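Below is one structure, written out as structure tokens, with a few remarks after it.
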Amino acid sequence: MNFIQELQWRGMIQDIMPGTEEQLKKEMTCAYVGFDPTADSLHIGSLVPILLLVHLQKAGHKPIALVGGATGMVGDPSGKSEERNMLSEDELNKNIIGVKSQLEKFLNFDSTLPNAAEITNNYEWFKTISFLDFIREAGKHITVNYMMAKDSVKKRLESENGMSFTEFTYQLVQGYDFYWLYKNKNCKLQMGGSDQWGNIVTGTELIRRKSGGEAFAFTCPLIKKADGGKFGKTEKGNIWLDPNKTSPYHFYQFWLNASDSDAFNWIKIFTFLTESEIQSLITEHEINPSERKLQKKLAQELTIFVHGEKEFQKAVETTEKLFSNTKAPAESLSVEDLNSIEGIVKSEFDKNKMVNGVDLLSFLSENNIFESKGAARKMIQNGGVSINRQKVSDPNMNVGLDHLLHDCFMLIQVGKKNYYLINVL
RNA sequence: GGGCAGUUACCAGAGUGGCCAAAUGGGGCGGACUGUAAAUCCGCUGUCUUUCGACUUCGGUGGUUCGAAUCCACCACUGCCCA
């Protein structure tokens with residue numbers, strides 16, 4: 001199965017330019033994907049483009065990950081209904097460093113390979129181009145009419161927010177990247193999310209008009225949840241690839257919590273399992289959906305891919321302690337169990353303050369489980385707080401030493417899935 | 001430079017002198033049901049607070065008034081149209 005066929009059955013191809021498959025069959029082809037340095041870490045939304053590169057390299061082609069140091073200074077209007085805030089150069093530099101170091105984990109850069117991966121930053125070539133050079137070199141070849149016909153531009157022209165010249169220029173800047181890579185690295189293919197189609201095509205157009213060359217492209221569908229919700233967001237915000245921003249446990253939990261219909265699609269897109277492996281997983285899942293084999297496998301594969309085997313094991317351990325036997329009394333968790341739980345929020349509390357009992361509301365807000373007593377009160381009244389797996393009903397209650405597990409712990413739950421472990425010393 | 005429209009909570013959007021902490025929808029959070037799912041139903045959603053209440057909010061600043069998101073003046077920003 002070739003690269004394109006592989007992606008096709010996985011549902012990872014949305015639009016594809018004619019001739020792309022032939023080009024890939026013909027020779028080892030260099031292809032690139034751009035990553036926006038909008039934060040100092042990538043989040044799971046970037047996983048799909050990363051996977052495109054990984055699949056590409058596996059198929060024997062050469063991947064380039066481009067970090068948009070220059071394009072990040074402009075701001076991509078695609079899919080945005082409003083003008084973006086510009087990042088300061090400091091922030092941008094910080095972000096570029098973060099993003100780069102993450103990308104390095106997923107690709108093989110071994111320079112003895114003919115298809116060794118590369119990372120570039122388009123600031124490298126843009127920093128020396130003057131504005132006049134650019135409008136003569138790039139701008140002259142693309143008409144405004146052409147640029148305005150793009151969806152991303154059209155939508156913004158119709159909206160009441162309008163669009164700055166800066167963002168309007170974005171597609172040209174990105175298009176020039178492709179041209180530059182084509183010229184200097186013989187890069188003939190650009191991949192990306194389907195929202196990038198317009199920008200990508202401007203690139204192939206620029207290559208055609210400036211050098212008469214032929215370049216190719218395809219895009220993958222943007223990941224959505226089956227219920228139409230945003231992908232990759234939870235109550236805590238984005239799911240990041242950086243373990244300091246999203247712990248491996250929370251990362252694992254995110255995938256574990258996928259709905260059935262999402263899991264069906266995601267397992268194909270986000271794992272490297274073969275078609276038949278996936279087919280049998282789906283069959284098993286359908287026999288007994290409550291086991292959630294699909295979700296478990298999905299979460300496993302991804303946690304290992306992003307954080308490694310060891311972190312995956314820890315995430316599973318924590319998950320089992322917290323969820324495998326939720327009806328069991330909290331005492332069934334040993335001191336060791338509690339001590340070794342990783343990834344959940346932990347804090348410490350002074351035992352002396354507890355000897356005479358502390359009122360629960362102050363206790364919860366002092367431990368930063370809630371921002372204020374009022375918030376804690378509301379949540380308790382809504383039935384959303386448990387101590388040591390016992391639901392709390394009286395907001396005015398006191399907690400004291402008799403609430404401690406093994407004389408030193410309190411396990412607090414907000415909702416079903418948010419755990420806090422307080423070590424009382 | 002001229003004309004017009006607008007700026008309300010996370011978003012969209014109603015409100016046009018007191019009954020407004022501000023309708024409604026979406027989103028978010030919590031609960032019930034369940035499989036740590038989906039769908040559905042219920043509650044919460046400015047801040048603080050012992051339900052009382054206090055405080056801060058409707059682009060900004062001043063003013064009119066017993067009382068302003070609402071009226072007036074000026075300013076700022078945004079969009080559309082004309083030059």
Side-chain angles (χ1 to χ4, degrees), chain A residues 79-85 155-165 167-168 224-239 249-267 281-282 284-300 303 315-328 341 343-344 358-366 369-387 389-398 411-420:
Chain A
K80 304 280 188 312
S81 59
E82 274 179 35
E83 184 85 10
R84 274 194 348 192
N85 291 327
K155 272 190 198 133
R156 286 284 291 277
L157 290 177
E158 284 160 11
S159 89
E160 50 176 46
N161 296 312
M163 171 183 228
S164 69
F165 177 71
E167 285 196 4
F168 178 62
K224 279 213 205 89
K225 294 204 285 181
D227 62 12
K230 279 173 249 135
F231 168 73
K233 297 265 168 124
T234 65
E235 62 271 28
K236 306 228 161 41
N238 274 323
I239 305 291
Y249 163 75
H250 285 294
F251 184 88
Y252 178 79
Q253 282 284 320
F254 172 80
W255 299 103
L256 193 63
N257 276 298
S259 71
D260 287 5
S261 46
D262 286 335
F264 285 128
N265 296 323
W266 293 356
I267 192 116
L281 266 172
I282 289 178
E284 280 183 65
H285 180 89
E286 278 170 339
I287 293 169
N288 189 355
S290 67
E291 268 200 56
R292 294 179 307 138
K293 283 215 167 119
L294 260 183
Q295 283 92 335
K296 282 181 186 164
K297 190 69 182 170
L298 177 69
Q300 175 186 351
T303 309
V316 173
E317 274 173 40
T318 300
T319 295
E320 277 173 2
K321 283 172 197 162
L322 296 178
F323 291 100
S324 66
N325 207 355
T326 38
K327 300 259 159 40
I341 284 178
I344 66 169
V358 193
D359 77 279
L360 179 61
L361 295 176
S362 312
F363 181 75
L364 291 174
S365 58
E366 273 174 42
I369 293 172
F370 290 98
E371 295 203 356
S372 68
K373 291 198 213 175
R377 171 179 297 276
K378 272 181 192 160
M379 188 57 83
I380 293 169
Q381 281 167 342
N382 271 318
V385 177
S386 300
I387 296 178
R389 292 198 175 150
Q390 295 271 316
K391 192 156 280 187
V392 175
S393 53
D394 177 14
N396 298 315
M397 74 179 276
N398 279 307
L411 187 65
I412 312 248
Q413 264 169 285
V414 178
K416 278 182 201 142
K417 299 174 191 173
N418 306 302
Y419 283 90
Y420 299 83

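Nothing here was measured: the structure is a model prediction, and the numbers come from that model.
Comparing B:rU45 with B:rG25, their C1' atoms sit 14 Å apart, to the nearest whole Å. Distance check on atom P: B:rG28 versus B:rA39 gives 11 Å, rounded to whole Å. Comparing B:rG13 with B:rU8, their P atoms sit 9 Å apart, to the nearest whole Å. On the P atoms, B:rC82 is 46 Å away from B:rC29, given to the nearest whole Å. Taking atom P on both B:rC80 and B:rG46, the two are 34 Å apart, rounded to the nearest angstrom. B:rU34 sits 36 Å from B:rU50 when the P atoms are compared, rounded to a whole Å. For the P atom pair drawn from B:rG3 and B:rA12, the interatomic distance equals 29 Å after rounding to whole Å. B:rC66 and B:rC52 have their P atoms separated by 31 Å, given to the nearest Å.
Residues A:Ile344 and A:Thr318 are in side-chain contact: their nearest non-hydrogen atoms beyond the backbone lie under 4.5 Å apart. For the pair A:Gln381 and A:Arg377, the minimum side-chain heavy-atom distance is below 4.5 Å.
Heavy atoms of A:Thr319 sit under 4.0 angstrom from at least one base atom. Heavy atoms of A:Gly374 sit under 4.0 angstrom from at least one base atom. A:Ala258 comes within contact range of the sugar-phosphate backbone alone, with a heavy-atom separation under 4.0 Å but no base atom that close.
In this entry the distance linking CH2 of A:Trp255 with C1' of B:rU36 reads 17 Å, nearest Å. For the pair A:Asn398 CG and B:rU50 P, the computed distance is 13 Å after rounding to whole Å. Going from atom NZ of A:Lys378 over to atom P of B:rC29 covers 17 Å, rounded to whole Å. When rounded to the nearest whole Å, the span between NE2 of A:His250 and C1' of B:rU36 equals 13 Å. Remark: P of B:rC42 and CE of A:Met379 are 19 Å apart, rounded to the nearest angstrom. Atom CG of A:Leu364 is separated from atom C1' of B:rU49 by 16 Å (rounded to the nearest Å). Nucleotide B:rU51 holds its C1' atom 8 Å from the CZ atom of A:Arg377, rounded to whole Å. Separating the NZ atom of A:Lys417 from the P atom of B:rU36 is a distance of 9 Å, rounded to the nearest angstrom.
Look at A:Asn396 and you won't find any side-chain N or O under 4.0 angstrom from OP1 or OP2 of B:rU51. Within the structure, every side-chain polar atom (N or O) of A:Ser290 is placed at least 4.0 Å from both OP1 and OP2 of B:rU34. Taking 4.0 angstrom as the limit, A:Lys391 places a side-chain polar atom (N or O) nearer than this to OP1 or OP2 of B:rA32. Look at A:Ser372 and you'll find a side-chain N or O under 4.0 angstrom from OP1 or OP2 of B:rC48.
Judged by distance alone with a 3.5 Å cut-off, no donor-acceptor contact links the side chain of A:Gln381 to the base of B:rU51. Checked by distance alone, A:Asn288 brings no side-chain donor or acceptor within 3.5 Å of a matching partner on the base of B:rG35.
Residues A:Phe363 and A:Phe370 place their aromatic rings such that the two centres sit no closer than 6.0 Å.
Each of B:rU36, B:rG43, B:rA37 was ranked by its minimum atom distance to the side chain of A:Asp260; first place goes to B:rA37. In this structure, the nucleotide among B:rA37, B:rG43, B:rG35 sitting nearest to the side chain of A:Gln295 is B:rG35. Each of B:rU49, B:rC48, B:rA32 was ranked by its minimum atom distance to the side chain of A:Glu371; first place goes to B:rC48. Comparing atom distances between the A:Ser259 side chain and each of B:rA37, B:rC48, B:rU49 picks out B:rA37 as nearest.
Ring pair A:Trp255/A:Phe251 is perpendicular by interplanar angle, where above 60° counts as perpendicular and below 30° as parallel.
For the 3.5 Å distance criterion, the side chains of A:Gln295 and A:Asp260 qualify, holding a donor opposite an acceptor.
Side chain of A:Asn257 to backbone of A:Gln253: a donor-acceptor contact under 3.5 angstrom is found. Side-chain N or O atoms of A:Lys391 include one that pairs as donor or acceptor with a backbone N or O of A:Gly383 at under 3.5 Å.
In a base pair of the Watson-Crick type (N1 to N3 plus N6-O4 or O6-N4) or a G-U wobble (N1-O2 and O6-N3), with each distance short of 3.5 Å, B:rA83 is matched with no nucleotide. With a cut-off of 3.5 Å on both Watson-Crick or G-U wobble distances, the partner of B:rC71 is given as B:rG63. Across all strands shown, B:rG25 pairs with B:rC11; the Watson-Crick or G-U wobble distances both stay below 3.5 Å. Taking a pair to require two hydrogen-bonding distances under 3.5 Å in either a Watson-Crick or a G-U wobble arrangement, B:rU34 remains unpaired.
Residue A:Val414 is the one, among A:Val414 and A:His285, whose nearest nucleotide of RNA chain B lies closer to the 5' end (criterion: closest heavy atom).
Counting all heavy atoms, side chain and backbone alike, A:Phe323 lies closest to A:Lys416 at CE2-O, 3.8 Å.
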